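Read through the structure below, which is laid out as structure tokens, and then see the notes.
Order of the sequence lines sets the chain letters (A, B, ...), proteins ahead of strands, with each chain counted from 1. A quick note: this is a predicted structure, and the numbers were derived from the prediction, not measured.
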2 protein chains.
Amino acid sequence: MDQLDRKIIAELRNNGRATYAELGRTVGLSASSVHERVGKLEAAGVITGYHAVVDPRRVGLGVTALVGIQPTDTASDDEVAVALGELPEVESCYAVAGDEAFVVKVRVETVDELEHTLGRLRRIDGVARTRTTVVLSTRFEGRPNNTGLDQG
Amino acid sequence: MDQLDRKIIAELRNNGRATYAELGRTVGLSASSVHERVGKLEAAGVITGYHAVVDPRRVGLGVTALVGIQPTDTASDDEVAVALGELPEVESCYAVAGDEAFVVKVRVETVDELEHTLGRLRRIDGVARTRTTVVLSTRFEGRPNNTGLDQG
DNA sequence: GTTGAAAACTTTAAGTA
DNA sequence: TACTTAAAGTTTTCAAC
């Protein structure tokens, strides 16, 4: 991965639909070269995908919460993580240091649904307790941090 | 926003680089129609952008932490949020219920840098204390939850 | 890495229900 | 209004260099 790759990645993080021709113009390569480089970055697992970002409220997911998952003494973290992944309302799942095994981000339509989801989380085998932090507003989210990409 | 819009959004969440022609084939519309619909969804703020997703470890951001921000008595939440946004290592920022004003997600290269970043967070005017949860592993992240999009 | 060319896609305009 | 087709311009993609 050289400087040009980093530049291409930074561009694609800002605009995931940039054309290879556009990228070529910004980094000073032919579209073919960019195309090949991007293919290699994808194959190498550096670029893992492309997603449209949607305003959650506009698609009926107005309630967000961060939930700490405290495990039982006998819990298998991997099994708990798999179970967490089976709930579609769990958008992200981090294994963390501390007395909680995981912190997950949950997105649902209503607080009623949140209550419902928390119940399901608690019923997962290996989950002892949950600790819920309700998100009041999302100031910003998933901002591309191109430290070391833009110029490194 | 009708069923077709929802289908298009779900597709673009899974593959942000899907061509209008591809989208048209999956939803049963011409490329022109899809093009027009996507333009309207973007203009309406439903689709807010497109991003390449990068494996953070592959771009030198191997350390992730979730940091609760406890405010001082006199803090202006908005001003604190702006200050948080000025640090590029703060990827996401949520205003939350509870004794913490915000929870932020921080991504840095090393634990040394994490220490450095936490110092800067604490020095923000309006920040009394921070509570840091180090992420040991990201099981999954930013999964598109297409509840209510895939089928209505 | 480049160019060149065919196929595919984008994007606008014009026309239809 | 929302769709389609048509057509010109662009981009993709795959050779060959």
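Mapping A31(B) and S30(A) onto DNA chain C by nearest heavy atom places S30(A) at the nucleotide closer to the 5' end. Residues R17(A) and S32(A) each lie close to DNA chain C; by heavy-atom proximity, the contact nearer the 5' end of the strand is made by S32(A). Mapping G28(B) and R25(A) onto DNA chain D by nearest heavy atom places G28(B) at the nucleotide closer to the 5' end.
Backbone-only contact: T19(B) has heavy atoms under 4.0 Å from sugar-phosphate atoms and none from a base.
Following rounding to the nearest Å, E22(B) (CD) and dT10(C) (C1') show an atom-to-atom distance of 13 Å. In this structure, L29(B) atom CG and dT10(C) atom P are separated by 14 Å, rounded to whole Å. As a whole-Å value, the separation of E36(B) CD from dT12(C) C1' is 11 Å. Distance H35(A) NE2 to dA8(C) P: 14 Å, rounded to the nearest Å. Separating the CD atom of E42(B) from the C1' atom of dT10(C) is a distance of 13 Å, rounded to the nearest angstrom.
Remark: D2(B) engages R37(B) in a salt bridge, criterion side-chain N to carboxylate O under 4.0 Å. Between E91(B) and K105(B) there is a salt bridge, with a side-chain nitrogen of the basic residue lying less than 4.0 Å from a carboxylate oxygen of the acidic one. Look at R120(A) and E89(A) and you find a salt bridge, because one of the NZ, NE, NH1 or NH2 atoms lies within 4.0 Å of a carboxylate O, short of that distance. With salt bridges taken as basic N to acidic carboxylate O contacts below 4.0 Å, one links R139(A) and D78(B).
Listed for the S92(B) side chain is a donor-acceptor partner under 3.5 Å among the backbone atoms of G142(A). Remark: the backbone N or O of G39(A) is not paired with any side-chain donor or acceptor of E42(A) at under 3.5 angstrom.
Within the 4.5 Å cutoff, no side-chain heavy atoms of V127(A) are placed close to those of T72(A).
Residue D125(B) qualifies as open at atom CG: its count of foreign heavy atoms under 6.0 Å is 12 or below.
Annotation: the terminal axes of the helix from dG1(C)-dC17(D) to dA17(C)-dT1(D) meet at 30°, where each axis is the rotation carrying the C1' atoms of four end pairs onto the next four (5 pairs per end, rounded to 10°).
Applying the side-chain contact (heavy atoms from CB on, under 4.5 Å) test between V134(B) and each of V111(B), L114(B), L66(B) identifies L114(B) as the sole match.
The span of DNA chain D lying next to chain B, judged by atoms under 4.0 Å from heavy atoms, is bounded 5' to 3' by dA2(D) to dA6(D).
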